[in-house]
Each structure stands twice: as structure tokens, then as C-alpha cells.
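Naming: A, B, ... by sequence-line order, numbering from 1 per chain. Treat the numbers as computed from the prediction; the structure is a model and nothing was measured.
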Protein chains: 2
Amino acid sequence: MPKRVDHAQRRAHIADALARVAAREGLHTVTLRGVAAEAGVSLNLVQHYFGTKAELMHAALLRLERLSHERWSARLAQLPRPVTPRALFEAFLAEALPTDGPSRDFHLVWTAYATLAMTDPELAAQPFVEGPDRLERQLAEVLRRAQRDGALDPRRDPAAEAARLLTLSHGLGTSVLVGQRSPDAAHALLHAHLDEVFGADETGGAHGASSE
Amino acid sequence: MPKRVDHAQRRAHIADALARVAAREGLHTVTLRGVAAEAGVSLNLVQHYFGTKAELMHAALLRLERLSHERWSARLAQLPRPVTPRALFEAFLAEALPTDGPSRDFHLVWTAYATLAMTDPELAAQPFVEGPDRLERQLAEVLRRAQRDGALDPRRDPAAEAARLLTLSHGLGTSVLVGQRSPDAAHALLHAHLDEVFGADETGGAHGASSE
DNA sequence: CTTTTCATGGTACAGCTGTACTATGAAAAA
DNA sequence: TTTTTCATAGTACAGCTGTACCATGAAAAG
């Protein structure tokens with residue numbers, strides 16, 4: 001055998017290059033040559049590790065999903081214990097909104113993929129269904145626990161609240177990406193929503209709906 | 001002068017053809033030849049009425065926006081008077097979700113355009129900022145009136161509630177388009193949200209969150 | 001009737017894209 | 001050392017895309 005190369009690493013390197021190009025110029029402008037140039041490799045190398053463009057696109061999507069999942073897990077892991085429901089949802093809110101540059105890039109490309117998947121049946125719609133579904137169940141479970149601990153009004157439906165929060169954050173995310181809302185405004189809105197769900201009406205908390 | 005032709009009509013015909021192609025196969029697959037074939041005209045005719053592809057794309061977007069605005073106005077106009085806030089929001093909810101085929105097609109293409117606008121600066125992001133902004137102000141005004149009439153808890157912030165409702169409906173719309181949620185489920189969720197905002201908790205209304 | 005105007009059609013062309021093919025050189029295996 | 005294996009590079013090619021150009025015919029204007 002010859003030079004011995006870590007295939008997974010090479011594929012990740014190229015997939016990341018695709019994500020950068022897509023974030024900068026749009027997913028629809030992605031070409032094999034463009035990705036190769038961004039990755040600093042030859043066109044043939046991209047072909048060698050992915051064969052076809054469709055497979056590259058698919059692999060880059062899977063990588064995006066994996067990285068996103070890992071970021072979320074890492075953020076959860078470094079929450080101060082014990083993890084209060086409110087803290088967990090604050091973490092979610094910080095992760096789900098495109099605030100800083102890298103986060104914005106990720107959400108941009110992810111949204112572009114989702115749009116693609118709406119019409120391209122071969123591009124698996126799985127990530128856009130199973131991913132959110134899993135997150136929704138996870139959040140619903142947290143809410144159920146919060147109810148048992150008395151931190152959430154027992155009259156609320158945990159599943160519905162989880163769905164509403166996820167949907168709201170997603171909608172706010174795209175409104176930020178498109179330039180309708182500032183990240184701060186989105187953050188404030190989602191924060192106010194959490195206040196309402198967790199019943200901060202009477203406590204007079206000085207959270208403020210302004211920036212920061 | 002020769003044959004006399006209604007330019008606006010020809011342009012609308014071709015723009016509609018673009019929308020159909022985009023709804024069926026994705027906005028990224030749109031080509032001048034494809035649109036021409038869909039419209040049943042020659043390639044040159046598309047060039048003749050739009051000159052460049054960028055202008056065709058732009059014109060089709062403007063037409064989408066105009067048609068959407070007209071649909072919304074028409075739905076508002078045929079509401080039974082006097083228009084109660086709740087009825088108006090029900091109408092909004094019915095218009096904003098991709099339920100039937102045509103509505104799904106519209107939201108699909110609209111979302112694709114929005115995704116494009118996130119990275120293409122020349123494609124005006126205006127429609128995706130000014131449109132929602134105007135709608136948001138409109139809904140906020142309705143909520144303010146509702147507060148004066150005692151139909152809405154005065155402690156609620158009309159602007160924030162309008163933003164939340166719009167964002168929620170948009171998020172639900174994409175979740176339907178991507179296949180995560182059924183139109184009925186989205187409808188039920190938004191309905192429950194309205195119930196909460198308008199305070200239907202204690203009235204015991206039998207609205208039901210099922211498929212109707 | 002002539003002439004002009006313009007809607008419509010056909011075709012050509014340069015550029016880019018995905019993909020296939022061939023070559024080379026280095027390192028591991030024999 | 002010889003052979004094999006594979007990472008990497010270069011190149012070719014057919015297809016499609018946007019755009020420019022030319023042709024034609026009919027209807028309005030003179």
C-alpha cells in the first residue's frame with residue numbers, strides 16, 4: 001500500500017470547503033471546481049473522495065448535521081449542574097439563533113439545504129424531519145420534568161410548548177438571516193416568550209426586551 | 001405599428017410559467033429554455049420580454065409578492081363585518097400556512113427566493129423585509145384595537161404578539177413544506193396559540209386540536 | 001400600395017459544469 | 001530491489017446555459 005491517508009479527514013476538509021463557499025456565495029453557486037479551489041486541492045481530488053457531486057452535497061449535509069448535533073451536546077454538557085429547565089432553554093435559544101458569524105454561516109447553509117430538499121426528493125429530507133423531531137421530543141421531555149418539579153404550569157402541554165418554541169426559534173432564525181430582524185431583537189423576543197411560558201409575569205424580573 | 005400586444009400580460013404569463021417550474025422542480029433548476037417550454041413560447045420570446053435572466057427572476061418575484069398581497073386583501077375584504085380580531089387572525093392563519101396545492105406552491109417558491117436573497121445581494125431583500133414588516137404593523141394595529149375593545153389582555157404587547165404570531169406561522173409553514181408537520185398539525189398548533197393569546201383558557205371552548 | 005414597426009422564431013457561440021480518462025510518483029509490500 | 005497500490009494531477013469531452021444575432025411576416029401608418 002502507498003502513502004496512507006485518512007479518508008475521513010480529507011472528506012471533512014473538502015466538505016467544510018463546500019460549506020464555506022455555500023455560506024459566502026450561496027449553495028446554488030457551489031461547483032466542484034469552486035469547492036476544490038476553496039479546499040486548496042485539485043478538482044480530481046474532490047472527485048476521488050466523493051465520486052459524484054450529489055454524493056459530495058449529501059456528505060456535506062450529513063457533516064453539517066453531525067457538527068450541529070455535537071455543538072448542541074457540548075453546550076448541554078458544560079451547563080452548570082443541576083441543570084434547570086430555564087437554563088437549558090436559554091442554552092437552546094443561544095444555539096438556535098444565528099448570532100455570531102459561524103452560527104450565521106451554519107444556519108444559512110442549513111436553510112439552503114432545507115429549501116433544496118423541498119423539491120429534490122433524492123436529497124434526503126430526513127435531516128430536516130428527524131433532527132427537529134428528536135430535538136422536539138428532547139425539549140418536551142425537559143418540560144415534563146419541569147412540570148413534575150413545579151417549575152412549569154401543569155396546565156401547559158409539554159409537547160405543544162416544545163413544538164412552539166422550536167418553531168418560533170426557527171422562524172426567528174430565518175428572519176435574522178434575511179435581514180428583517182437583528183439578532184438582538186430575535187433574542188429578546190424568544191426571551192420574552194420563555195418568560196411567559198415559565199411564568200415570569202408576576203415576579204417583575206428586570207429582563208428587559210432591549211438589546212443584550 | 002404592428003400587431004399590438006399587451007406586454008404586461010405576456011410578462012405575467014411567462015412569470016407564472018417560471019413559478020410553476022420552480023414549484024415543481026425547484027427554483028435552482030429554472031432555465032430560460034425551461035420557462036419558455038412551460039409557457040409554450042420560444043426561447044427568444046422570453047428574452048424579448050425580459051432581456052436577461054436576472055430581470056426575469058426579479059419580475060417573477062415581484063409578481064409573486066403582488067399576487068400574495070392581492071390574495072390577502074381579497075380575503076380580508078370578504079370577511080363578515082364587523083371584523084372581529086379573532087376572525088381576522090383566523091383568516092391570516094389560513095392564508096399564511098401552505099395547506100392546499102396552490103398555497104404550497106406559492107410558499108415553496110417564495111421560500112426559495114428568500115433563501116436566494118440571503119446570499120445574492122443584487123436580488124433585492126426588500127420583499128422579505130418590507131412585506132413582513134408591513135404585515136406585522138398591520139397585525140399589531142389590529143391587536144391594539146382589540147385591546148381598546150377589551151378583546152385582548154391589556155398587559156400584552158401588541159407589537160411583540162404580532163411578531164410572535166407572524167414568526168410562528170412562518171416557522172410552521174416551512175416545517176410543513178419540508179414534511180416535518182402535516183398542514184393540520186400546523187393549523188392546530190397555531191389555533192392553540194391564538195386561543196392562548198386571546199385568553200380562551202377559561203371559556204372551555206371545544207376547538208379541539210385534532211384534524212377537525 | 002409602400003414603408004415602417006415589432007412580435008416571434010431560429011440559430012450560433014462562448015463559457016461553464018459534471019464526469020471520465022490517462023499519467024505519475026511515492027510509499028508500502030514482496 | 002522489484003512490484004503493487006493508491007493519492008494526486010492534468011486533460012478531454014459532451015451537454016447545458018445565457019446571450020447575441022439574423023430572419024420573417026403581419027399589421028399599423030404614410
Side-chain angles (χ1 to χ4, degrees), chain A residues 1-22 24-62 109 112-113 116-117 119-123, chain B residues 1-22 24-61 109 112-113 116 119-123:
Chain A
M1 283 185 179
K3 212 195 329 186
R4 255 332 184 203
V5 159
D6 186 351
H7 270 231
Q9 176 185 326
R10 283 268 190 278
R11 286 171 60 96
H13 177 65
I14 296 175
D16 287 344
L18 183 146
R20 282 195 302 273
V21 174
R24 193 185 332 124
E25 306 165 32
L27 189 58
H28 62 286
T29 74
V30 163
T31 66
L32 293 186
R33 285 170 178 82
V35 172
E38 176 75 25
V41 301
S42 73
L43 164 62
N44 188 19
L45 211 65
V46 180
Q47 286 185 264
H48 187 252
Y49 283 105
F50 293 96
T52 173
K53 183 187 182 183
E55 200 195 322
L56 167 62
M57 296 281 283
H58 189 70
L61 172 59
L62 289 183
V109 181
Y113 264 109
L116 260 195
T119 47
D120 285 18
E122 56 173 305
L123 189 70
Chain B
M1 283 186 180
K3 216 197 321 187
R4 260 312 187 223
V5 158
D6 185 353
H7 270 230
Q9 175 184 327
R10 284 267 188 277
R11 285 170 63 95
H13 178 65
I14 295 176
D16 287 344
L18 183 145
R20 282 196 301 274
V21 174
R24 194 184 332 122
E25 305 165 32
L27 189 58
H28 62 287
T29 73
V30 164
T31 66
L32 292 187
R33 285 170 178 81
V35 172
E38 176 74 25
V41 301
S42 73
L43 164 62
N44 188 22
L45 212 65
V46 180
Q47 285 186 263
H48 187 253
Y49 283 105
F50 293 96
T52 173
K53 184 187 181 181
E55 200 195 321
L56 167 61
M57 296 281 283
H58 190 70
L61 172 59
V109 181
Y113 265 110
L116 260 195
T119 47
D120 285 18
E122 56 173 304
L123 189 69

**Message:** Strictly below 4.0 Å: does A/Y49 bring a side-chain N or O up to OP1 or OP2 of D/dT8?
**Reply:** yes

**Asked** How long is the line joining CZ of B/R10 and P of C/dA7, in whole Å?
**Response** 9 Å

**Message:** Give me the atom names and distance for the closest heavy-atom approach of B/A60 to B/L18.
**Reply:** CB-CD2, 3.8 Å

**Prompt:** Separation of B/F50 atom CZ from D/dA20 atom P, in whole Å?
**Reply:** 16 Å

**Asked** Using a cut-off of 4.0 Å between protein heavy atoms and nucleotide atoms, how would you tag nucleotides 13-24 of chain C 5' to 3' with B, S and -?
**Response** ----BBBBB---

**Prompt:** Quick one: is B/H7 getting a side-chain N or O under 4.0 Å of the C/dA7 phosphate, OP1 or OP2?
**Reply:** yes

**Closest approach of A/V109 to A/A19 (non-hydrogen atoms, all atoms of both residues)** = CG2-O, 3.6 Å

**Asked** Under the side-chain hydrogen bond (donor to acceptor under 3.5 Å, both in side chains) test, which residues partner A/R24, sequence neighbours left out?
**Response** A/E38

**Residues A/M57, A/F50; criterion side-chain contact (heavy atoms from CB on, under 4.5 Å); working and verdict** = CA-CA 9 Å; A/M57 296 281 283; A/F50 293 96; over 6 Å; no

**Non-hydrogen atoms of A/K53 and A/V30 that approach each other most closely** = NZ-O, 3.1 Å

**Asked** C/dA7 P sits how many Å from B/H48 NE2, rounded?
**Response** 5 Å

**Item:** Taking every non-hydrogen atom, the tightest pair across A/A36 and A/V46
**Value:** CB-CG2, 3.7 Å

